[in-house]
Number of protein chains: 4
Amino acid sequence: MKSELIKQSINLFVEKGFSATSIQDIVDTIGVTKGSFYYHFKSKEALLMDIHSHYIDDLLRRQRAILDTEKSHKDKLMAIVELIIVDIEKQGAVGRVYFREIRHLKEENAAIIREKRADFRNNIEVLLKEGIEANEFRKELQPKIITFAILGITNWSYQWFNVEGSLTVKELSAMYTDFILHGIQSPDASN
Amino acid sequence: MKSELIKQSINLFVEKGFSATSIQDIVDTIGVTKGSFYYHFKSKEALLMDIHSHYIDDLLRRQRAILDTEKSHKDKLMAIVELIIVDIEKQGAVGRVYFREIRHLKEENAAIIREKRADFRNNIEVLLKEGIEANEFRKELQPKIITFAILGITNWSYQWFNVEGSLTVKELSAMYTDFILHGIQSPDASN
Amino acid sequence: MKSELIKQSINLFVEKGFSATSIQDIVDTIGVTKGSFYYHFKSKEALLMDIHSHYIDDLLRRQRAILDTEKSHKDKLMAIVELIIVDIEKQGAVGRVYFREIRHLKEENAAIIREKRADFRNNIEVLLKEGIEANEFRKELQPKIITFAILGITNWSYQWFNVEGSLTVKELSAMYTDFILHGIQSPDASN
Amino acid sequence: MKSELIKQSINLFVEKGFSATSIQDIVDTIGVTKGSFYYHFKSKEALLMDIHSHYIDDLLRRQRAILDTEKSHKDKLMAIVELIIVDIEKQGAVGRVYFREIRHLKEENAAIIREKRADFRNNIEVLLKEGIEANEFRKELQPKIITFAILGITNWSYQWFNVEGSLTVKELSAMYTDFILHGIQSPDASN
DNA sequence: GATGAATGAGTTTTCATTCAT
DNA sequence: TATGAATGAAAACTCATTCAT
């Protein structure tokens, strides 16, 4: 029931936005009453926080797994890009909520999520830094800024990519890793 | 007065989001009454549409100027990236509203804006296509997808770039054009 | 201009009702501004009063003319019924406003109109009374009550009669005077 | 509570009219909040529709009972007139709302009510038609038009009849059936 | 005579939240 | 666990009216 509420609310948040979705809208989709909602969630914002927490925690866990498993900096980076893009297929809806609705968390919770986002970002930044030192990536790059560029590419995909279309997430992921690697690799790196 | 309302509402929309900003909030910042707001705008949504229209129309106009002025495909692309990024400084607030709040336009208006956005995107796509044909850019690239990547990089900047920081928009713009050109240029292109 | 405002407001009041018609609605139909309206009328209610006054004053004047001209009680009554019914064609719209919107006059004005309505009604009542005394009409009738019946028949017509239809106001008037006379005439009255 | 809201709103609608009565006015009379009103009714118009539906449905049910029970056409007609008039005492307030405020229903609902009103009217028209064929009523009468006359007499009563006065509804009803029967009966009908 | 801008009080409606059962 | 009823605060929007120009 709780997970059903989460699932349906995500769909509604994607469709209409957090503010424009009422508790009534949510409970109507699964045929229960508002009282029931408040048994499972302290507030509407708590539900949104729940969604955000699960999403970023899962992402961080998988990012860590990649960093622990893959060998070269290039491979690590490719795997992280793929992680985000390929998720569109399975987690596209949550992702869209995650990217759009953080503003509606109360400051206290927003801070928690922002910190985890910063961790995720920082892990990429460190990766780039080390790749530069290892001469895999170009010396002129500013890791922090390039990290934002990479996240821009991947995260923006959630806004336009249509799972129904002819392009698969695997293909998209391949194109974007190729584009990014061309953008950052040292000319003398053994491709 | 009308332009004052627009200006203040943009600030509030950036800060709290469209839905969470009330007409009362807006008029309070300039000390007029709600009735006054409704004398100038048919509805809250009409104000949002006003903001969207002006922004994209201005952007399209300047994009066209670039396409008519610059010579090589590379120069055109660089100029367009710079156009978006450098605007953060002067138009950062409107931009943030433009990228985040389109969902709150009514379908009829959203369609108009979406079409203009598609024009802007399409102009880049065509530019890439021609650059590929001219052998300036790599043959393997899919122009449509790379266009989204470029827009992801530039548009995402509006979310994190802090005008107050030590990095200037000019510098950011330079880094991103460099990154993008590395990502797309033919190896044999005279850089 | 003033008469134009009256004319158009009557149409709107018929269509949407007094409360639901805004000053804006009225001035829009003739392409002037609200300020203009307030040059001609002290208030929205004043316009409604204007409409009511003209209508009932005109009706009373014509009723008096009938009472002064026609000979028998029967003829007087027939002429008054015809007066009301035949007016549907020329004054149907005003009539509908007159019958429906008196409630929106302020008490002070409503009292004035109610008094004139009472005069109009009373003239019929007196006519019936005299007709009974003259043995033209049946002795058992209560003039006051029958007056209301007659007014019910005629006034109700404004709600359903369609000028566009196949029945003319003359025909309707004939049918109703016939019906009423059958209802009230003494059996021994030389028809 | 819901029925209490209906009851009080009817009183207010009679007194001030539908448009001029606010939800606040209604809830204030029974000391609840506006939110409570909207728990029970989807909108102000929905409440008005509720009132209209119940009134006409009840009227139709009782009219049908009369048509099934009474023997002669004359008796049926008398019973129907009495039905409407006598109701003033118990249902005067609802009746006044019913006769005055249909314009404030949305077209969709107004159509439903208009159709039921037409049924009620049509039942009388058919009754008159059959009475004419049975030679109870005069051959020259146009049933449709006479039906409107009868409804004018009865419905108009809701506007002026004062339950507090010395005349009872029974007496009024008797006078009006007498008046109507004189107006329509064949001279040779055994009275 | 007419306009454009502004006001302020009021309107209907929405909605997150609470709570007795 | 769940429901149904109620709350209260706030939202968007309307509108008659005023008034300087």
Side-chain angles (χ1 to χ4, degrees), chain A residues 1-2 5 18-28 30-48 104 106, chain B residues 1-2 4-5 18-28 30-48 104, chain C residues 1-2 4-5 18-28 30-48 104 106, chain D residues 1-2 4-5 18-27 30-48 104:
Chain A
M1 152 111 304
K2 184 171 178 175
L5 283 168
F18 175 78
S19 296
T21 300
S22 69
I23 306 286
Q24 195 59 255
D25 290 337
I26 296 169
V27 297
D28 280 354
I30 53 174
V32 293
T33 56
K34 275 190 280 192
S36 208
F37 176 94
Y38 280 92
Y39 178 79
H40 292 292
F41 297 99
K42 222 180 116 323
S43 68
K44 193 186 175 190
E45 192 263 357
L47 160 64
L48 186 63
H104 295 108
K106 58 183 179 189
Chain B
M1 153 107 309
K2 185 173 176 174
E4 192 64 19
L5 283 167
F18 176 79
S19 296
T21 300
S22 71
I23 307 290
Q24 196 60 255
D25 290 338
I26 296 170
V27 298
D28 281 354
I30 54 174
V32 293
T33 58
K34 270 185 286 190
S36 205
F37 176 92
Y38 281 95
Y39 178 76
H40 292 289
F41 298 99
K42 227 181 109 338
S43 67
K44 193 185 174 189
E45 192 265 356
L47 161 64
L48 187 63
H104 295 107
Chain C
M1 152 110 304
K2 183 170 177 175
E4 192 63 18
L5 283 168
F18 176 79
S19 296
T21 300
S22 70
I23 306 286
Q24 195 60 255
D25 290 337
I26 296 169
V27 297
D28 281 354
I30 54 174
V32 293
T33 55
K34 274 190 281 192
S36 209
F37 176 93
Y38 280 92
Y39 178 79
H40 292 292
F41 297 99
K42 223 181 116 323
S43 69
K44 192 185 176 190
E45 191 264 358
L47 160 64
L48 186 64
H104 295 108
K106 58 184 180 190
Chain D
M1 152 108 308
K2 185 173 177 173
E4 192 63 19
L5 283 167
F18 175 79
S19 297
T21 301
S22 70
I23 307 289
Q24 195 60 257
D25 291 337
I26 297 170
V27 298
I30 53 174
V32 292
T33 58
K34 272 185 283 191
S36 205
F37 175 93
Y38 280 95
Y39 178 76
H40 292 290
F41 298 99
K42 225 180 109 336
S43 68
K44 193 185 173 190
E45 193 264 357
L47 160 64
L48 187 63
H104 295 107

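Scope of the values below: all heavy atoms of this structure, side chains included, with no hydrogens, waters or symmetry mates. Order of the sequence lines fixes the chain letters, A, B, ..., with proteins taken first and strands second; residue numbering starts at 1 for each chain.
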**OP:** Starting from the 5' end of DNA chain E, give me the residue, D:A20 or C:H40, whose nearest nucleotide shows up first.
**Re:** C:H40
Original post:
Quick one: CD1 on B:I23 to OG on B:S36, what's the gap to the nearest 0.5 Å?
Top reply: 12.0 Å
**OP:** Would you give a per-nucleotide map of nucleotides 16-21 of chain F, 5' to 3', where B means the base has a protein non-hydrogen atom under 4.0 Å away, S means only the sugar-phosphate does, and - means neither?
**Re:** BBBB--
Original post:
Can you name the closest pair of heavy atoms from B:K44 and B:S19 and give their distance?
Top reply: NZ-O, 3.6 Å
**OP:** Sort out for me which residue in D:F37, D:Y38, D:Y39 forms a ring-ring contact (aromatic ring centres under 6.0 Å, His included) with D:F41.
**Re:** D:F37
**OP:** Just need the stems in DNA chain E: three or more back-to-back Watson-Crick or G-U pairs, each with both distances under 3.5 angstrom, sorted by first number.
**Re:** E:2-21 with F:2-21
Original post:
Atom CD of D:E4 and atom P of F:dA5: how far apart are they, to the nearest Å?
Top reply: 16 Å
Original post:
For B:S36 and D:G31, take the nucleotide of DNA chain F holding the closest heavy atom to each; which residue's nucleotide lies nearer the 5' end?
Top reply: D:G31
Subject >> Atom-pair distance (CZ on D:F41; P on E:dT11), nearest Å >> reply: 19 Å
**OP:** Provide, to the nearest angstrom, the distance between the NZ atom belonging to B:K2 and the P atom belonging to E:dA5.
**Re:** 10 Å
Subject >> Side-chain (B:E4) to main-chain (B:I30) donor-acceptor, under 3.5 angstrom >> reply: no
**OP:** Round to a whole Å and report the spacing from CG of A:L48 to C1' of E:dA16.
**Re:** 14 Å
Original post:
Taking only N and O in the side chain of C:Y39, is any of them less than 4.0 Å away from OP1 or OP2 of E:dA2?
Top reply: no
Original post:
If you look at every heavy atom in B:E45 and B:H104, which pair is closest and at what distance?
Top reply: CG-O, 3.6 Å
**OP:** Write down the atom of C:I26, the atom of C:L47, and the distance for their closest heavy-atom approach.
**Re:** CD1-CD2, 4.0 Å
